[in-house]
Each structure stands twice: as structure tokens, then as C-alpha cells.
Protein chains: 2
Amino acid sequence: MNAAAKLFEDFRQWQGVTPSFGDCPVRDVIDHLGDKWSTLLITVLSGGPQRFSAIRRAVPDISQRMLTQTLRTLERDGLVLRQVFPIKPPSVEYRLSPLGESFLEPLAKLTEWALASHSAIRDARAAFDLDAAA
Amino acid sequence: MNAAAKLFEDFRQWQGVTPSFGDCPVRDVIDHLGDKWSTLLITVLSGGPQRFSAIRRAVPDISQRMLTQTLRTLERDGLVLRQVFPIKPPSVEYRLSPLGESFLEPLAKLTEWALASHSAIRDARAAFDLDAAA
DNA sequence: CGGAATCCAGCCCGATACTG
DNA sequence: CAGTATCGGGCTGGATTCCG
């Protein structure tokens with residue numbers, strides 16, 4: 001069976017269960033992980049447990065606010081575990097939960113595709129913009 | 001090799017090439033496809049070519065504006081092909097390009113994970129919110 | 001060190017109205 | 001039928017400041 005058929009099957013499986021589109025689990029999940037930082041932070045944590053400041057250094061262009069907020073959401077969704085060491089100065093470590101690690105495989109498929117397709121996408125954009133100007 | 005190692009490998013491959021984080025192809029792609037409708041429309045089109053109004057019926061809660069806009073972006077990125085039939089009344093058909101179809105496999109992995117993990121995520125949220133209230 | 005709180009700009013997206 | 005144009009709300013996310 002090809003990927004398209006499988007995909008449709010998954011969606012139909014859900015459609016048979018709930019009457020409303022808004023509750024679609026796929027959309028629920030993608031909406032969450034589709035934000036600006038979630039997948040990137042998961043990728044960083046895939047290398048093992050990291051302290052707050054270590055994550056910050058690994059992702060230079062994230063603000064403190066968004067780092068905290070995104071980690072909280074991931075923790076709330078059960079993808080990330082947060083462990084506080086009550087020392088001075090305080091230390092907090094983040095790591096992927098088993099659920100979070102189970103997400104690495106589909107995520108890796110995505111990154112592979114992104115890396116492989118990026119140049120094609122860039123070319124397509126350039127071509128599209130070109131004859132849009134004509 | 002596990003998924004984590006593979007993921008890191010992919011990122012390092014890119015990090016060796018470009019100096020700036022902003023150009024990361026993975027983030028570029030995920031930012032695009034992470035919007036509210038892209039993946040859903042790709043899923044709908046995975047069933048074969050569809051006319052504009054057919055897509056609308058398949059996704060009841062999308063506005064006309066966002067349907068047009070999202071399809072345009074997907075077309076610009078080379079994932080979707082647009083074919084106009086100059087008849088009256090006008091008819092426009094959308095279909096996945098080969099590049100778009102190549103995205104179905106990683107997307108299917110994502111939807112599978114989402115379906116399988118949704119209940120666990122909902123439980124995690126409930127538990128988190130519960131002892132946040134305590 | 002690891003946050004929380006506040007303020008604010010931008011843009012995502014929906015609703016509505018109009019066109020070929 | 002398949003758009004385009006315009007308006008406006010709400011949410012995302014950045015900068016800054018303060019706290020234990």
C-alpha cells in the first residue's frame with residue numbers, strides 16, 4: 001500500500017469516531033508542534049538531557065521567554081520531563097520522555113525530507129516569482 | 001542507528017554548510033508546513049486531483065481566503081500543481097506534484113504518530129493541569 | 001541560574017463584500 | 001465557480017524588566 005492510501009486510511013479512521021473536524025488529533029498535534037520552536041527543541045534534546053542555559057546556547061536566536069514557554073508546553077504534553085536540582089545557583093534539567101523519544105522517528109523523516117527537498121523548493125519559488133513578475 | 005543519532009547527523013550536515021541558523025532548511029520547511037492548513041490540504045490532495053470547490057467541501061471549516069492562499073503557497077513551493085480549464089463556469093484543478101507526493105511518506109509517519117499518541121498527550125495535559133491547580 | 005510579568009509589534013487568519 | 005480586496009481581532013513571539 002502506498003503512502004497516500006495509508007494517510008487517507010488514518011484520517012478516515014478518525015472521521016468515523018468524531019463528528020467535528022476541530023477535534024482531529026492529527027491537527028491538534030501538528031498545530032502544537034508546528035509552532036516556531038517545538039521541533040527544534042526536541043531535536044536539541046534528542047542529544048540527551050540538557051540544562052536550561054545549555055539549550056539557550058544551542059539555539060542562539062530563541063528568546064528566554066519562548067524557551068521557557070515552549071518547554072512548558074512540551075512538558076505539559078508529556079514529551080519533555082523537567083527535573084529541578086535545588087542547589088545554588090539553581091539548576092534545571094530537561095530531557096525527552098519516552099513519548100518524546102517516540103516522536104524522534106517521524107520527526108527524523110521530516111528533517112530528511114526537508115534537507116533533501118530544500119533546493120527543489122527554493123528553485124520552485126524562484127521560478128514561480130519569476131513568471132509572476134512577467 | 002537510532003532516530004536521535006540520525007536526526008543529529010542531519011542537523012550537523014547542515015550546520016557544516018551554513019553559518020546562520022535562520023537559513024536552516026528544516027526550519028524553513030517546517031515553518032511553512034506548520035501553518036494551520038497546509039498539511040491538511042496535502043492530505044486531501046493525496047486522494048487525487050481535486051477541484052477548488054471539492055476541496056472546500058472536504059474541509060468545511062476553511063475560509064475561501066485561506067484555501068486560496070494556502071494553495072498558492074503550496075503551488076509556489078512546488079508541492080501542488082494548478083491547472084485551469086478555460087470553460088464556463090471556470091474550473092480549476094489542483095493536484096500534488098511529484099515533490100508533493102514525496103512528502104506524503106514523512107507526513108504519514110507524522111499522522112500515525114499523532115493518532116497513536118493523542119490519548120497519551122491528552123492524559124499528560126490533564127495530569128499537568130491537575131497538579132498545577134494544586 | 002532559571003524563570004515570571006509586562007508591554008508591544010506583526011502577521012495569521014476569519015468575515016464580509018465584490019468580480020470575471 | 002474561483003477567485004480578489006479590505007477590514008479587523010486575536011494570538012505569536014520579541015524586548016525588557018524584575019524576582020528567588
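As the structure is a computational prediction, the values presented were derived from the model and not from experiment. Just so we're on the same page: letters track the sequence lines, and every chain starts at 1.
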Can you get from A:L71 to A:L81 by hopping between Ile, Leu, Val, Met, Phe, Trp and Tyr side chains that sit under 4.5 Å apart?
-> no

Close side-chain approach of A:R95 and A:L45, heavy atoms under 4.5 Å | no

With heavy atoms under 4.0 Å as the rule, sort B:Y94 into base, sugar-phosphate or nothing.
-> sugar-phosphate

Side-chain heavy-atom pair B:L99, A:W113 within 4.5 angstrom cut-off | yes

Within one Ile-Leu-Val-Met-Phe-Trp-Tyr cluster: A:L96 and A:L67, side-chain cutoff 4.5 Å | yes

Nucleotide range of DNA chain D contacted by chain A, 5' to 3', under 4.0 Å to a heavy atom?
-> D:dG13 to D:dG20

Note: A:R56-A:D61 ion pair, threshold 4.0 Å (strictly below) | no

Please state whether the phosphate of C:dG2, meaning OP1 or OP2, lies under 4.0 angstrom from any side-chain nitrogen or oxygen of A:T68.
-> no

Under 4.0 Å: is that the gap between some side-chain N or O of A:R56 and OP1 or OP2 of C:dG3?
-> no

Carboxylate-amine/guanidinium proximity below 4.0 Å for B:R122 and A:D77 = no

Summary of protein contacts for nucleotides 12-20 of chain C, nucleotide by nucleotide, where a base hit scores B, a sugar-phosphate-only hit scores S (4.0 Å, heavy atoms) = -BBB-B--B

Do A:S97 and A:V80 come within less than 4.5 Å of each other through their side chains, counting heavy atoms only?
-> no

In terms of side-chain geometry, is the basic nitrogen of A:K36 or B:D31 positioned less than 4.0 Å from the acidic oxygen of its partner?
-> no

